[in-house]
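Quick notes on the structure that follows.
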Amino acid sequence: MSDGTALHELSAGETYQIDSDEYDSDDQGDNIGEKDYDELVAEAENGFTDEEVAVLTAELREKGLVNFLRDYLVPVSGPGQTLRKLLLGLGVIPPVHLRSSTTPDIQLLSFTKIVLSRLLRRRTKLPAYNSVDDAVSLLRHAKNIIVLSGAGISTSCGIPDFRSANGLYAQIQEDGEYDLSDPQEMFDIRYFREQPEVFYSFAKQIYPSNFVPSPCHRWIKLLEDRGKLLRNYTQNIDTLETLAGVQNVLQCHGSFATASCLRCRRRVPGTDIEGEIMRQEVPKCSVCRAEREAARAYEKSASAKGKPKVKGGMIWGDEEEEENEWGGGEPGIMKPDITFFGQALDSKFDECLFKDREKVDLLVIIGTSLKVAPVSEVCTHIPHSIPQIFINLTPVAHVQPDICLLGDADTIVTYLSDRLGWSIPPPPSASAKNQLTMTPPGEVEFASGVGPL
Ligand code: OAD
Ligand code: ZN
C-alpha cells in the first residue's frame, strides 16, 4: 500500500515508492565484526529453515504486507515469532541501532516493512499464461477484473501521453516557453506554490473539453456491463472513463472535476475556475478574498475607533503580519484537484486497493509506462498469483506481467472483444458529454469540504 506516500516518479532501478536511503543510511560506517557476523548467521540458521522462509515469502506475496504482518505477529504464533527472527531468516541484518537481540518488535516494524516491501516488488511471471489465446480465456472467465489505465488509452482521443517522444513532457521541453528546469515541474506542488502562473499558462491545453471516449474507455465500460469489472484504477485526469459511463472508476490522480483553495482548502466544482483556466489566469479563492476584505474593512473602522484589530477571532497586529498570513497579501490560490508530484493520493486509493486485493482475479494494465508510484504498485500489491495482462505500445522492463500485448491499445481491445464475441459500446451522445465530464464519480462535498491537499 502507498502508506500515504506522495506521488513520485520512479528513479532508475526503483520499482516502487520506498526510498532505499530510508534505511541504507543507517548502515553507513556500520561494519560488522567477523564474530558478530558469525553469531548472526548462527542465530539465523537456528531460526527458520529455508523451506519455512520460502513459505513465508510466498505468503507475503499472496497476503500483502499488512495482512502478512498481522498474521505473522498474532500471539497464536507463539513466543519467538519475532520480526528479528523473520529478518534474519530472510538474510537481512538490521541496522546497528536495531541489532540488539533485545530490540522489541515495535521498534523493528518500520524497517521490516521496508524490507518486505522490497521483497514484494519482485513478482515472478506465472508460467501458465503466455499467449493471446490465454488472454482471451482469462477475460472470458474472470469475474473481478482490475483495469489499471494510463495516458495511452486517451492518445487516440487527441490527448498526448506524458513520456512518449511526442508526449507532453517532450512538448513542454521543446516549447521552451515555460520557466522550468524539468518539464515534470509543471505538475510539482512545490513549484506550483511558488509560481502558479506557469501551470495556469499551460492548464488550458490539458483541460478536458470536447473529447470523445476511445474504444479503450468503452471497452472498460463493456467489462463493467458484463459484470466483470472490479474497479478501474485510472491515472488519467481527463474523466473520459466517466464520460464513457464507467461507474466503478477511481481517478487515482484526481481530476479537474473539483478545485480547492490552497489556503482555506475550500472545495468547489471545477467549472468554477474554468473561465480563469481558459483565460490563462490564476484563479483566486473568493471566500479568502471576501474574508480579507472584511478584515481590512474592520481594521479601518477599528483603527478609526481605536479598537484592537481582529481577524478570524484573533487579535492581530501590524500590516507585515497580515501580509505573511495572507501569503503576500494574496487570497488563496485555487488548484484543480489533480494530484501533483509531492502530494499524497486520496486515502481512497489505499482503501480500495486493500479491499480489492481480496477479490481480484485478473489485472489488465493498459496504456501506462508504470513509472509513477504509488499507482504502479498495484501490480505488486495484489496477490502475485493473480494473472496480469499488459497492453501497451511500448514494453516496460521493470514489471513482469504474464502476457504482454504490444501495439495500439484500441486495436488490441477491439481484437480481444471480437475473439470473445463481445461488442464495444458506441461513444456516448454529444448531449451526455458536458454533463458527465465535470461530474465527479464519488460524493464530493462542495464549499465546506476539505480537499485532498
Ligand atoms: P506515460 O506517458 O508515462 O505512459 C503512457 C504509455 O502509453 C507509454 O508507455 C506509451 O507507449 C503508451 N501508449 C501511448 N499511446 C498508446 C496507444 N495508442 N496504445 C497503447 N499504448 C499507448 O503516461 P502514464 O503512465 O499514464 O501524473 O503516466 C503516469 C502519470 O505520470 C500521469 O498520471 C501523470 C504523469 O506525470 C500527473 O500528472 C499527476
Ligand atoms: Zn480560500
Side-chain angles (χ1 to χ4, degrees), residues 6-10 148-172 182-189 192 199 202-203 206 214-216 219 233-238 251-256 259-268 272-273 283-292 312 326-327 330-345 365-376 378 390-399 404-414 447-448 450-453:
L7 182 82
H8 76 279
E9 190 178 39
L10 303 173
L148 172 57
S149 51
I153 69 165
S154 295
T155 49
S156 65
C157 311
I159 305 171
D161 67 8
F162 292 88
R163 292 175 183 78
S164 293
N166 56 352
L168 263 185
Y169 292 145
Q171 279 177 33
I172 292 173
D182 172 349
Q184 241 172 236
E185 281 179 347
M186 189 62 88
F187 300 101
D188 187 300
I189 190 62
F192 181 86
F199 174 76
F202 162 82
I206 53 163
S214 68
C216 271
W219 185 74
Y233 289 77
T234 184
Q235 298 165 88
N236 300 345
I237 57 174
D238 53 33
Q251 281 153 336
C252 305
H253 293 168
S255 76
F256 279 95
S260 299
C261 168
L262 287 188
R263 184 180 166 274
C264 73
R265 307 205 161 194
R266 189 177 63 98
R267 184 180 274 192
V268 300
D272 283 14
I273 63 164
K284 306 277 171 59
C285 171
S286 55
V287 168
C288 281
R289 195 195 298 268
E291 253 182 57
R292 175 172 173 257
W326 289 102
E330 289 292 325
I333 305 289
M334 299 299 294
K335 177 186 157 291
D337 290 330
I338 50 183
T339 314
F340 275 30
F341 290 104
Q343 287 192 293
L345 267 65
I365 307 155
I366 322 182
T368 170
S369 63
L370 292 172
K371 281 262 173 74
V372 175
V375 172
S376 56
V378 171
F390 179 65
I391 302 172
N392 207 49
L393 210 50
T394 49
V396 293
H398 62 279
V399 289
C404 278
L405 304 176
L406 298 183
D408 172 58
D410 289 341
T411 312
I412 293 170
V413 299
T414 306
S448 60
V450 174
L453 298 172

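Just the heavy atoms: all of them, side chains too, but no hydrogens, waters or symmetry mates, feed the values below. First listed ligand is number 1; within each ligand, the first listed atom is number 1.
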Check whether any N or O atom of [X], backbone or side chain, sits under 3.5 Å from an N or O atom of ligand 1, and answer yes or no.
X: T394; answer: yes
X: T339; answer: no
X: I391; answer: no
X: G150; answer: no
X: A409; answer: yes
X: A151; answer: yes

Tell me, which protein residue and heavy-atom name are nearest [atom], and how many Å apart are they?
atom: atom 25 (O) of ligand 1; value: T368 OG1, 2.7 Å
atom: atom 22 (C) of ligand 1; value: L393 CB, 3.5 Å
atom: atom 30 (C) of ligand 1; value: V372 CG2, 3.7 Å
atom: atom 28 (O) of ligand 1; value: R163 NH1, 3.1 Å
atom: atom 13 (N) of ligand 1; value: G152 CA, 3.6 Å
atom: atom 27 (O) of ligand 1; value: H253 ND1, 3.5 Å
atom: atom 29 (C) of ligand 1; value: Q235 OE1, 3.3 Å
atom: atom 9 (O) of ligand 1; value: N392 ND2, 2.9 Å

Ring centroid separation for Y169 and F162, is it under 6.0 angstrom?
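Distance test on ring centres: under 6.0 Å, yes.
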Between ligand 1 and [X], can you find any atom pair, the residue atom being a heavy atom, that is separated by under 4.0 Å?
X: G367; answer: yes
X: S156; answer: no
X: I338; answer: no
X: K371; answer: no
X: Y169; answer: yes
X: C216; answer: no

Option set V413, T155, D408, criterion heavy-atom distance to atom 15 (N) of ligand 1, minimum:
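Selected option, by shortest heavy-atom distance: T155.
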Tell me the nearest of D161, L148, I366, I237 to atom 10 (C) of ligand 1, using heavy-atom distances.
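Heavy atom nearest to atom 10 (C) of ligand 1 belongs to D161.
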Without swapping roles, check the side chain of [X] against the backbone of [Y] for a donor-acceptor pair under 3.5 Å.
X: Q171; Y: N166; result: yes
X: H253; Y: V375; result: no
X: Q251; Y: Q235; result: no

Taking 4.0 angstrom as the limit and counting only heavy atoms of [X], give me the atoms of ligand 1 inside it, by number and element.
X: S164; result: 10 (C)
X: F341; result: 36 (O)
X: G407; result: 19 (N), 20 (C)

Check [X] against [Y] and note the closest heavy-atom contact, atom names and distance.
X: C288; Y: C261; result: SG-SG, 3.7 Å
X: R289; Y: K284; result: NH2-CB, 3.2 Å
X: R267; Y: D337; result: NE-OD2, 3.2 Å
X: F256; Y: I338; result: N-CG2, 4.0 Å
X: T155; Y: P160; result: CG2-C, 4.3 Å
X: C216; Y: I153; result: CB-CB, 3.7 Å

Please round to the nearest 0.5 Å and tell me the distance separating atom [atom1] of [X] and atom [atom2] of [Y].
X: D272; Y: M334; atom1: CG; atom2: CE; value: 7.0 Å
X: D161; Y: L168; atom1: CG; atom2: CG; value: 8.0 Å
X: D188; Y: F341; atom1: CG; atom2: CZ; value: 8.0 Å
X: C285; Y: R263; atom1: SG; atom2: CZ; value: 8.0 Å
X: N236; Y: T368; atom1: CG; atom2: OG1; value: 8.5 Å
X: S376; Y: I365; atom1: OG; atom2: CD1; value: 10.0 Å

Please indicate how many protein N/O/S atoms are found closer than 2.8 Å to the Zn ion (ligand 2), with waters neither displayed nor included.
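Protein heteroatoms (N, O, S) closer than 2.8 Å to the Zn ion (ligand 2) number 4.
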Side chain to side chain, [X] and [Y], heavy atoms closer than 4.5 Å:
X: K371; Y: V396; result: no
X: F199; Y: I333; result: no
X: I412; Y: I366; result: no

At under 4.0 Å between heavy atoms, is it the side chain or the backbone of F340 that contacts ligand 1, or both, or neither?
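F340 to ligand 1: no contact under 4.0 Å from either part.
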